Novice: 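The structure is given below, and queries will be raised subsequently.
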Amino acid sequence: MEKNQWDFTSEERTDLFAYVMQLINDYYTQLPESAVAPPLDLATIQKHVSKFDFSNPVNLKYAVDHVAYGLSNYQVHTTHPMYFGLFNPRPVFPGILADLLTASFNPQLAAWSHSPFAVLAEQYVITETGKRFGYKETDVDGNFTSGGAEANLTAVLTALIAHFPEYSKEGLRSLPKQPVFYVSKESHHSFVKAARVCGLGTNAVREVEALPNLQMNTEVLERKIAEDIRAGYAPFMVVATAGTTGAGIMDPVQEIAGIAQKHQLWFHIDGAWGGAAVFSDEVKLLIQGCEQADSITFDAHKWFSVPMGAGLYLTRHKQILHETFRIATDYMPKEGLELQVTDPFTHSIQWSRRFIGLKLYLSLLVYGWQGYSNMIDETIRICKQLKELLVANQWKVVNDTILPVICFTDPEREDDDVFIQKVCNLLIQSGGTWLSTYRVNGKLTIRACVINYTTSEDDIKRLVKLLGEARGKA
Ligand SMILES: *Cc1c(COP(=O)(O)O)cnc(C)c1O
């Protein structure tokens, strides 16, 4: 029988799997000695990408080498223990295997009947995660998303539908008043994008000033709501950020919950990365009150360290996703309608969907909640040490949070943005580490976050040494 040219034989697959595994193992073994970030030379990278023009096929091993070279040499290694960047984790191994299994079995998560195991596994994880956030088991509902941005967009949509049921059919034009919602100035900009995507327009996002400690100023929130109502707008949602992206600040959840309740607004918590704190035995009190949230955003691909993309939208309103996304079709399988199960396509922005939840399911099977709690506490401990070392080396920490992100500056040159940026650039160019800058109360600071579970005390010491050298050169 002639070999199907699209397929690979069992022997070829075994050989290639072994080849790729070796390559990945080499990558992880060599990583600590490699530069964290490459020079960003557009022409060189473009040349590598377009080396082949697809008219002369190459063999798979050769193609894999080509890709691995590109990934090894032309990306910031967010997997590196010296990467102190933007919540991009070093993916846990069970998560990597989960993506391999997902790609290989390719379950279709649009309709329950096509992949009942995968759908129920996701729902199980959603329920168990929702319970950890304080929701009642019987209330929890949710869906897996590509990430926090999709979860936040889902929140805006469900809040709109909850407030203005006619929005579903007639759209925003049918509403007598312009809906508006409230976020802190320190909130993630995915809400601005969400406002644009769902037709509200970006002016509908009311940014509430933060206090000097960077928490949402709830007096200003109250005042803005009152002003908007007087001016004929229709407030429908308020968002508390549990762990701001920039400085790891927790908005006052309880207070904001109270204000939301008073004005009957949908209360959403964006805990994309900081939400992980509820899984720690030590810091979970930080987000007390999150059970009052109508919905919650939580990203498993940040502090929980599964590969991108894995976000979660959680809610305690069983019907709301159904009301927001249900579409009746002739061509979709119907078996799910007769059972107490959910067809995910009726519950989510996505339609055909990969088994996003497996990354979390498999990792939880292996590490358990306790394992996650330990990992979270350990990264917090390492970051606390970093903070102490920075202070001991004449750096000034300007954000106050127990979450593992530090914004700091040189107390002698705090007003010198150019200097701060130069220190950061020198560090990145050195290849020794990667960190970013963030503006706190008008002043540029250096920002380091520690969510990589392999970052050690030695790495922290090395970072502080590199910082000292860069400060001397800048
Ligand atoms: C990262 C982040 C988001 C966006 O999540 P993505 O997974 O990048 O889509 C939203 N909110 C907060 C607070 C974040 O830190």
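Indexing begins at 1, ligand by ligand and atom by atom, following the structure's order. Model, not experiment: these values are computed from the prediction. Position 1 is the first residue of the sequence, and the numbers go up from there.
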Novice: Which part of Lys302 is near ligand 1, with near meaning a heavy atom under 4.0 Å away: side chain, backbone, both or neither?
Specialist: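 Lys302 to ligand 1: side-chain contact only, backbone stays beyond 4.0 Å.
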Novice: With a 4.0 Å cut-off on heavy atoms, is Glu150 in contact with ligand 1?
Specialist: no
Novice: Ligand 1 versus Asn152, non-hydrogen atoms closer than 4.0 Å: side chain, backbone, both, neither?
Specialist: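 The part of Asn152 near ligand 1 is the side chain, not the backbone.
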Novice: Describe, in one word, how the ring planes of Tyr372 and Phe304 are oriented to each other, choosing from parallel (under 30°), tilted (30 to 60°) and perpendicular (over 60°).
Specialist: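 If you compare the ring of Tyr372 with that of Phe304, the planes turn out parallel.
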Novice: Assign the ring pair Trp273 / Trp303 to parallel, tilted or perpendicular, where the plane angle (0 to 90°) is split at 30° and 60°.
Specialist: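 Rings of Trp273 and Trp303: tilted, 30 to 60°.
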Novice: Any nitrogen or oxygen of Ser190, main chain or side chain, under 3.5 Å from a nitrogen or oxygen of ligand 1?
Specialist: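 No, no N or O pair falls under 3.5 Å.
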Novice: Under 4.0 Å from a heavy atom of Thr245: which atoms of ligand 1 are those, numbered in the order shown and with their elements?
Specialist: 12 (C), 13 (C), 14 (C), 15 (O)
Novice: If you look at every heavy atom in Leu211 and Asn217, which pair is closest and at what distance?
Specialist: CD2-ND2, 3.5 Å
Novice: Which residue supplies the protein heavy atom nearest to atom 6 (P) of ligand 1, what is that atom called, and how far is it?
Specialist: Gly148 N, 3.2 Å
Novice: Heavy-atom contacts with Asp299 under 4.0 Å: which atoms of ligand 1 show up? List them by number with element.
Specialist: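 Reading through ligand 1 atom by atom, the close ones are 5 (O), 6 (P), 7 (O).
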Novice: Heavy atoms only: which of Gly246, Ala149, Gly275 is nearest to atom 9 (O) of ligand 1?
Specialist: Ala149
Novice: Just checking Tyr28: does its OH atom have more than 12 heavy atoms from other residues, nucleotides or ligands closer to it than 6.0 angstrom?
Specialist: yes
Novice: Tell me, yes or no, whether the heavy-atom count around Arg196 atom CZ, taken from other residues, nucleotides or ligands under 6.0 Å, exceeds 12.
Specialist: no
Novice: If every non-hydrogen atom of Gly248 is compared with every non-hydrogen atom of Thr401, which pair is closest and at what distance?
Specialist: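 Of all heavy-atom pairs spanning Gly248 and Thr401, the closest is O-OG1, 2.7 Å.
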Novice: Report yes if the distance between the aromatic ring centroids of Trp112 and His347 is under 6.0 Å, otherwise no.
Specialist: no
Novice: Nearest non-hydrogen atom to atom 12 (C) of ligand 1 belongs to which of Ala242, Ala272, Gly147, Gly311?
Specialist: Ala272
Novice: What protein heavy atom lies closest to atom 10 (C) of ligand 1? Include the residue and the distance to one decimal.
Specialist: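 The closest heavy atom on the protein side is His188 CG, 3.3 Å.
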Novice: Is Arg206 close enough and on-axis enough to Tyr233, meaning under 6.0 Å and within 45°, for cation-pi?
Specialist: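 Yes, Arg206 and Tyr233 form such a contact.
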Novice: Look at atom 11 (N) of ligand 1 and say which protein heavy atom is nearest, naming residue and atom and giving the distance to 0.1 Å.
Specialist: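 It is Asp270 OD2, 2.6 Å.
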Novice: List every atom of ligand 1 that sits less than 4.0 Å from any heavy atom of Trp273, numbering the atoms from 1 in the order shown and giving each element.
Specialist: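 Contacts of ligand 1 toward Trp273, numbered from 1: 15 (O).
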